[in-house]
Colleague: 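This structure is in structure tokens; I'll ask about it shortly.
Proteins get letters first, then strands, A, B, ... in listed order; numbering begins at 1 in each.
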There are 2 protein chains.
Amino acid sequence: MNSELEKAHDYFIETAGRLSKSMGLNEIAGQLYALLYLSPEPISLNEMVGKLKISKASASVNIRALEGWGAAKKIWVKGNRRDHYIADRDVWKIASNRLKVGLERRISEANGAVGQVEKMLKDSEKKFNDENKKLARTYMERIKTVRKMSERLEKLLKLLPTDLLE
Amino acid sequence: MNSELEKAHDYFIETAGRLSKSMGLNEIAGQLYALLYLSPEPISLNEMVGKLKISKASASVNIRALEGWGAAKKIWVKGNRRDHYIADRDVWKIASNRLKVGLERRISEANGAVGQVEKMLKDSEKKFNDENKKLARTYMERIKTVRKMSERLEKLLKLLPTDLLE
DNA sequence: ATATTTGTTCACTTTGTTCTGAACGAATTA
DNA sequence: TAATTCGTTCAGAACAAAGTGAACAAATAT
């Protein structure tokens with residue numbers, strides 16, 4: 001194997017891993033994806049283990065994560081009983097979808113909690129003494145602002161695919 | 001202190017911490033911001049320590065991170081020599097800016113590396129034998145696609161503030 | 001039937017991050 | 001001037017996340 005070529009290959013993969021990690025995804029998942037992305041041929045679990053110098057366990061777990069995200073898919077290779085994988089090379093689609101899904105989940109969780117806080121404040125409003133009533137008003141008002149914003153964000157996310165990602 | 005009120009208050013802060021953490025920021029930073037966000041009064045380091053049950057060290061480090069992001073600012077309180085802080089309550093501005101800056105840094109790093117890989121391939125192109133020449137072509141083509149995409153993303157990020165964040 | 005190959009799962013270790021307590025210097029008060 | 005109050009820094013403890021090896025079950029080959 002030409003070592004210059006291999007160096008470039010490996011550096012690309014390393015970079016993908018770093019990026020993946022810094023984006024809150026798994027480093028090995030990023031490396032695996034880059035490996036598949038570059039390869040003209042489908043790749044087996046064992047080859048992943050060999051090329052990335054990782055354990056079979058990691059390869060197994062992470063390739064299935066990629067599968068789950070629609071970033072890789074299993075493919076049948078004639079006369080070979082090992083699982084082979086290829087990348088869906090539409091990086092943009094995959095990355096933006098990851099981002100979108102991740103944001104949506106977080107926002108919706110936060111929204112749920114914020115809604116609960118609002119409910120708590122409303123429900124016990126009558127029990128507050130004057131001092132606390134004033135404070136509760138401040139809280140309500142400010143929390144409402146937050147909820148408004150996050151609703152706005154949710155809408156924005158729903159909008160994203162058609163406007164920006166096609 | 002009315003305990004219902006306090007519960008709502010604390011739950012809001014807890015939620016902010018969780019969200020902050022899940023977004024790759026620091027949990028305490030999120031809690032601190034939420035604390036300041038709700039408070040009608042400026043808050044001192046010691047009060048943060050007391051209300052969030054954290055160490056002075058954490059409070060100090062994280063409040064300055066918030067300051068650096070423009071999410072909190074120091075304020076002078078008459079007759080008190082402690083530092084007091086208030087939140088900039090424009091959550092949208094702060095959050096979107098964080099997101100933007102974070103993405104920009106990562107993308108630009110990745111871009112640098114990808115550019116280098118392209119250079120490596122080009123530079124050593126002549127030395128490849130036929131087999132590798134073909135492989136190198138595949139790499140180049142695919143990596144170029146990635147670069148195009150990330151350039152697109154960079155542009156999109158530059159565009160963001162005016163279009164979406166007004 | 002037995003042996004081998006293959007991918008998955010899980011308990012454990014390793015690695016990296018975050019938080020804290022203690023020590024410190026600067027500023028303020030007595 | 002000495003004592004106290006503050007905020008910062010830093011080494012190390014506590015914690016969380018990720019990767020590994022070994023055991024396993026399923027499929028295939030001998």
Colleague: For E154(A) and N111(A), what are the C-alpha separation, side-chain angles and deciding distance, and is it a side-chain hydrogen bond (donor to acceptor under 3.5 Å, both in side chains)?
Modeller: CA-CA 10 Å; E154(A) 262 189 324; N111(A) 260 350; 3.0 Å; yes

Colleague: Hey, can you pull the residues of residues 69-88 of chain B with a non-hydrogen atom under 4.0 angstrom from DNA chain C?
Modeller: R81(B)

Colleague: Quickly work out the L25(B) CG to dT18(C) P distance and round it to whole Å.
Modeller: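 It is 10 Å, rounded to the nearest whole Å.
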
Colleague: Please state how far atom CD in E27(B) lies from atom C1' in dT17(C), giving the value in whole angstrom units.
Modeller: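 That distance rounds to 13 Å.
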
Colleague: Please tell me if the side chains of I143(A) and V114(A) come closer than 4.5 Å, counting only heavy atoms from C-beta onward.
Modeller: yes

Colleague: Can you measure R18(B) atom CZ to dA16(D) atom P for me and round it to whole angstrom units?
Modeller: 14 Å

Colleague: Would one find more than 12 heavy atoms of other residues, nucleotides or ligands at under 6.0 Å from atom CD of E131(B)?
Modeller: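 At most 12 heavy atoms, drawn from other residues, nucleotides or ligands, come within 6.0 Å of this atom.
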
Colleague: Where along residues 42-67 of chain A does a heavy atom fall under 4.0 Å from DNA chain C?
Modeller: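 Nucleic-acid contacts, sorted: L45(A), K56(A), A57(A), S60(A), R64(A).
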
Colleague: Could you tell me whether D10(A) and K51(A) have a side-chain N and a carboxylate O separated by less than 4.0 Å?
Modeller: no

Colleague: Between the side chains of K100(B) and E104(B), is the shortest nitrogen-to-carboxylate-oxygen separation below 4.0 Å, so that they form an ion pair?
Modeller: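 Salt bridge: yes.
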
Colleague: Decide, yes or no, whether a salt bridge links K144(A) with E118(A) under the criterion of side-chain N to carboxylate O below 4.0 Å.
Modeller: no

Colleague: Apply the test side-chain contact (heavy atoms from CB on, under 4.5 Å) to residues L153(B) and L156(B): give CA-CA distance (whole Å), side-chain angles for both, the deciding distance (0.1 Å), then the verdict.
Modeller: CA-CA 5 Å; L153(B) 182 52; L156(B) 183 62; 4.2 Å; yes

Colleague: Does R137(B) pair with E125(B) as a salt bridge, N-O distance under 4.0 Å?
Modeller: yes

